[in-house]
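As the structure is a prediction and not an experimental result, all values here were calculated from the model. These numbers come from the heavy atoms of this one structure, side chains and all, not from hydrogens, waters or symmetry mates.
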Amino acid sequence: MSNIIKVLKGTKDILPQDIEMWHFLEKKAEQVFSKYGFKEIRTPIIEVTELFSRGVGDTTDIVNKEMYTFEKSDRSITLRPENTAGVVRSFIENGMSRLSAPVKLWYHGPMFRYERPQAGRQRQFHQVGVEMFGIEQATADAEVILAAVNYLKALGLHDLDVEINSLGCPKCREEFKTNLKQVLKPYFDELCEDCQKRYEKNPLRLLDCKVESCKKIFEKPEVQEVIKSDFICDECSEHYTELKLYLQKMGVKFSENKLLVRGLDYYNRTVFEIKSNNLGSQNAVAGGGRYDSLVEQLGGEHTPAVGFAMGMERLISLLPTKEPKKLDAYVVSTFQTDAFLMAEELRHQGLNVEFDLTNKKFSKQLEKASKVAKYAIILGEDEILNHQVSIKNLEQGKQITVDRANCVKMMSL
RNA sequence: GCGGGUGUCGCCAAGCGGUUAAGGCCUCGGAUUGUGGUUCCGAUAUGCGUGGGUUCGAAUCCCAUCACCCGCCCCA
């Protein structure tokens with residue numbers, strides 16, 4: 001067994017016994033997001049590398065060290081590490097800015113990130129998410145968050161924490177960055193290596209740091225003062241207040257987390273995360289926010305936008321496992337041709353049916369039936385002669401014999 | 001990139017230097033030639049991640065190597 005080919009590290013087969021769960025997530029997404037007017041979009045899994053370096057941002061870990069990139073006929077191509085950039089690309093390319101706002105899109109599919117796999121983190125993983133284009137008002141942010149919360153509820157997930165924050169717009173963010181850098185300056189040498197890099201390149205990301213020594217620095221009163229201060233401008237502040245108001249009115253419980261900074265460069269104003277306590281260190285099931293400058297940055301007209309993405313594997317790990325579906329019926333008969341015909345007939349009537357392809361002994365066939373099906377359809381000599389079938393309910397053990405024509409009707413009883 | 005852990009049948013798993021490598025589940029066959037899910041019997045690893053070494057003798061000790069898992073970082 002040592003020379004068999006195995007799945008690539010960080011990738012997984014979704015086996016038949018697990019597929020129910022995936023269908024469930026996809027079906028619920030379709031149902032819930034449709035209610036909010038979102039339409040499904042499917043974009044390619046590969047895109048030009050530049051889309052991500054320009055879209056996601058070249059100071060992010062995702063772009064710097066986690067992309068699957070390869071060259072093909074003088075082009076640099078990348079497996080999508082996330083789907084917002086791709087959807088934005090499609091939005092621009094297909095002239096969706098001409099559509100009347102809002103343009104609401106949802107998607108699901110595989111994403112690829114070259115990271116060390118661990119619990120809740122794979123190299124190929126799946127996300128389901130939404131993007132809403134064209135609305136600047138906080139109603140959009142609120143509606144997107146609401147869609148996320150209700151999707152999670154529809155899956156049966158109720159006890160999740162919603163955290164929100166506002167990063168402000170580029171203007172007020174500049175001011176915040178300056179202040180943050182200033183107050184941290186005396187501690188620069190004590191910061192971890194990563195934070196020292198972030199200090200220059202992307203000071204906002206400092207607040208994401210999980211290193212204890214850094215956290216301690218951030219807890220110092222003068223640093224806290226900067227973090228907690230509202231450097232966001234009046235308009236941004238108003239936008240944020242409005243969002244909180246809508247969330248309250250809509251009955252969404254949330255907490256404010258001033259330290260919440262999404263790792264992607266395109267966010268401004270609203271950012272949010274939905275977390276679970278049952279996921280270990282990869283505890284975020286959803287993350288998202290507003291990205292008002294991304295469309296423009298990728299060559300489109302200025303278009304405000306909000307969206308989120310959820311990790312489907314993480315959602316599944318929070319859900320109770322589903323029993324695999326049983327067949328409606330298993331035809332039991334030592335008369336193979338009759339069994340074959342019967343199975344086909346039932347299939348044409350819309351049932352999921354199997355029969356024994358190898359003509360095993362009667363008792364073996366029944367044993368198999370009891371394992372895989374709800375009903376055994378028994379076709380013995382008597383039944384065939386009388387144009388009847390015996391229907392055995394395999395859970396209750398009851399059996400009745402009816403005319404063939406009534407077979408399906410009787411099974412539903 | 002840095003820390004920690006584990007590798008014995010399809011799955012779970014005992015064994016920790018000594019003749020033929022427990023056991024359970026699953027699968028297959030039989031008891032039971034048309035009535036299952038209970039029970040009983042039987043079958044299934046010349047093999048213990050891979051390559052070396054130590055030893056009269058190794059799944060068990062040593063070295064190397066690989067794979068996977070967990071944590072950090074980052075994210076969904």
Side-chain angles (χ1 to χ4, degrees), chain A residues 1-12 15 17 56 59-66 81-84 108-129 148 152 192-195 197-198 202 205 208-212 214 260-264 272-276 279-288 307-318 326 330 332-335 358 360-384 390-399 401:
Chain A
M1 293 306 284
S2 55
N3 64 344
I4 60 167
I5 296 171
K6 304 202 197 105
V7 277
L8 242 22
K9 181 197 276 217
T11 68
K12 281 201 164 94
L15 298 168
Q17 61 264 34
V56 179
T59 67
T60 62
D61 279 3
I62 290 179
V63 170
N64 277 328
K65 46 188 194 193
E66 296 176 2
E82 56 95 54
N83 206 25
T84 297
H108 70 91
M111 310 295 159
F112 304 83
R113 260 121 95 159
Y114 189 76
E115 302 177 84
R116 286 291 288 271
Q118 59 180 271
R121 195 170 75 189
Q122 293 170 209
R123 289 182 173 178
Q124 179 182 162
F125 62 103
H126 298 76
Q127 289 187 327
V128 53
L152 295 169
C192 71
E193 209 179 312
D194 284 335
C195 280
K197 276 186 220 153
R198 291 179 190 133
N202 196 348
R205 295 277 306 289
D208 260 348
C209 190
K210 304 268 188 338
V211 175
E212 280 307 317
C214 293
L260 181 62
V261 179
R262 319 256 51 255
L264 310 173
F272 68 97
E273 215 164 78
I274 302 179
K275 294 178 181 174
S276 161
L279 276 177
S281 59
Q282 263 61 47
N283 63 351
V285 290
F308 69 77
M310 300 190 183
M312 295 176 84
E313 282 83 358
R314 290 185 191 177
L315 292 175
I316 286 172
S317 71
L318 291 173
K326 282 194 165 182
Y330 193 91
V332 173
S333 176
T334 49
F335 302 91
T358 56
K360 285 205 238 320
K361 293 197 309 196
F362 185 88
S363 64
K364 286 290 168 194
Q365 289 191 29
L366 196 59
E367 189 183 337
K368 171 85 174 178
S370 72
K371 282 178 189 157
V372 301
K374 295 177 208 150
Y375 292 92
I377 301 301
I378 299 168
L379 272 180
E381 210 166 346
D382 296 345
E383 283 92 344
I384 291 170
S390 290
I391 303 168
K392 182 166 187 134
N393 182 318
L394 292 162
E395 269 117 61
Q396 297 160 15
K398 287 180 194 154
Q399 183 173 326
T401 302

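- One interatomic measurement links the two molecules: CD of Gln118(A) to P of rG4(B), which rounds to 16 Å at whole-angstrom precision.
- If you take atom P in rA31(B) and the same atom in rG7(B), they sit 42 Å apart, rounded to whole Å.
- Here the shortest heavy-atom pairing between Gly380(A) and Phe335(A) reads C-CE1, 4.1 Å.
- Along RNA chain B, the nucleotide nearest Glu273(A) and the nucleotide nearest Arg116(A) are compared for position; the residue whose nucleotide lies closer to the 5' end is Arg116(A).
- The CD atom of Gln124(A) sits 14 Å away from the C1' atom of rA76(B) (whole-angstrom rounding).
- Here Gln127(A) does not reach the OP1 or OP2 of rA76(B): none of its side-chain N or O atoms lies under 4.0 Å away.
- Using a 4.0 Å cut-off between charged nitrogen and carboxylate oxygen, Arg121(A) and Glu115(A) count as a salt-bridge pair.
- Note: CG (Leu260(A)) to P (rA76(B)) measures 10 Å, nearest angstrom.
- Side chain to side chain, Gln127(A) and His108(A) fail the donor-acceptor criterion of an N or O pair below 3.5 Å.
- Judged by distance alone, with hydrogens and angles left aside, Arg121(A) brings a side-chain donor or acceptor within reach of the base of rC73(B), the pair sitting under 3.5 Å.
- Shown here is Lys326(A), whose NZ atom has more than 12 heavy atoms of other residues, nucleotides or ligands within 6.0 Å.
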Inset, instruction - Determine, step by step, whether Lys360(A) and Thr358(A) satisfy the side chain to side chain donor-acceptor pair (under 3.5 Å) criterion, reporting the C-alpha distance in whole Å, the side-chain angles of both residues, the deciding distance to 0.1 Å, and the verdict. - result: CA-CA 6 Å; Lys360(A) 285 205 238 320; Thr358(A) 56; 3.2 Å; yes

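- Spacing between rU55(B) and rC62(B) at atom C1', rounded to whole Å, works out to 12 Å.
- Between the side chain of Gln124(A) and the backbone N or O of Met111(A) there is no donor-acceptor pair closer than 3.5 Å.
- Of all nucleotides present, none satisfies the Watson-Crick or G-U wobble test against rC73(B) with each distance under 3.5 Å.
- Judged by Watson-Crick or G-U wobble contacts below 3.5 Å, the nucleotide rG17(B) has no partner.
- Searching all strands for a Watson-Crick or G-U wobble partner of rU44(B) with both distances below 3.5 Å returns nothing.
- The CZ-C1' distance, from Arg123(A) to rC74(B), rounds to 14 Å in whole Å.
- Look at the C1' atom in both rU6(B) and rG18(B): the space between them is 27 Å, to the nearest Å.
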Which atom pairs link the protein and nucleotides 35-37 of chain B when you take only N or O atoms and keep those under 3.5 Å?
from, atom 1, to, atom 2, distance (Å)
rU35(B), O2, Lys392(A), NZ, 3.1
rU35(B), O2, Gln399(A), OE1, 3.3
rU35(B), N3, Gln399(A), OE1, 3.1
rU35(B), N3, Gln399(A), NE2, 3.3
rU35(B), O4, Gln399(A), NE2, 3.1
rG36(B), O2', Ser370(A), OG, 3.4
rG36(B), N1, Leu394(A), O, 2.9
rG36(B), N2, Leu394(A), O, 2.8
rG37(B), N2, Leu394(A), O, 3.4
rG37(B), N2, Glu395(A), O, 3.0

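- Atom CD in Glu66(A) sits roughly 14 Å away from atom C1' in rC72(B) (whole-Å rounding).
- One distance of note links OH of Tyr330(A) with CG of Leu366(A); it measures 10.0 Å at 0.5 Å rounding.
- Nucleotides rG10(B) and rU35(B) are separated by 30 Å at their C1' atoms, to the nearest Å.
- What separates CG of Asp61(A) from P of rA76(B) is a distance of 11 Å, to the nearest Å.
- Distance noted for atom P between rG5(B) and rA64(B): 15 Å (whole Å).
- In terms of phosphate contacts, Lys361(A) brings no side-chain nitrogen or oxygen within less than 4.0 Å of OP1 or OP2 of rG29(B).
- Gly380(A) comes within contact range of at least one nucleobase, with a heavy-atom separation under 4.0 Å.
- The P atoms of rU20(B) and rA59(B) are separated by 10 Å, rounded to the nearest whole Å.
- Separating the CD atom of Gln17(A) from the P atom of rC25(B) is a distance of 20 Å, rounded to the nearest angstrom.
- At least one side-chain heavy atom of Glu367(A) sits less than 4.5 Å from a side-chain heavy atom of Lys364(A).
- Across the P atoms, rA14(B) and rG23(B) are found 15 Å apart, a figure rounded to whole Å.
- Of the two residues contacting RNA chain B, namely Glu82(A) and Val7(A), the nearest-nucleotide position lying further toward the 5' end is that of Val7(A).
- Geometric assessment of Arg123(A) against the ring of Phe112(A) yields a negative cation-pi assignment under the 6.0 Å and 45° thresholds.
- The NZ-C1' distance, from Lys360(A) to rG29(B), rounds to 11 Å in whole Å.
- Atom C1' of rU46(B) sits at a distance of 14 Å from the matching atom of rC9(B), rounded to the whole Å.
- Of the candidates rC74(B), rC68(B), rG30(B), the closest approach to any side-chain atom of Lys364(A) belongs to rG30(B).
- With a 3.5 Å ceiling on both atom-pair distances, the Watson-Crick or G-U wobble partner of rA67(B) is rU6(B).
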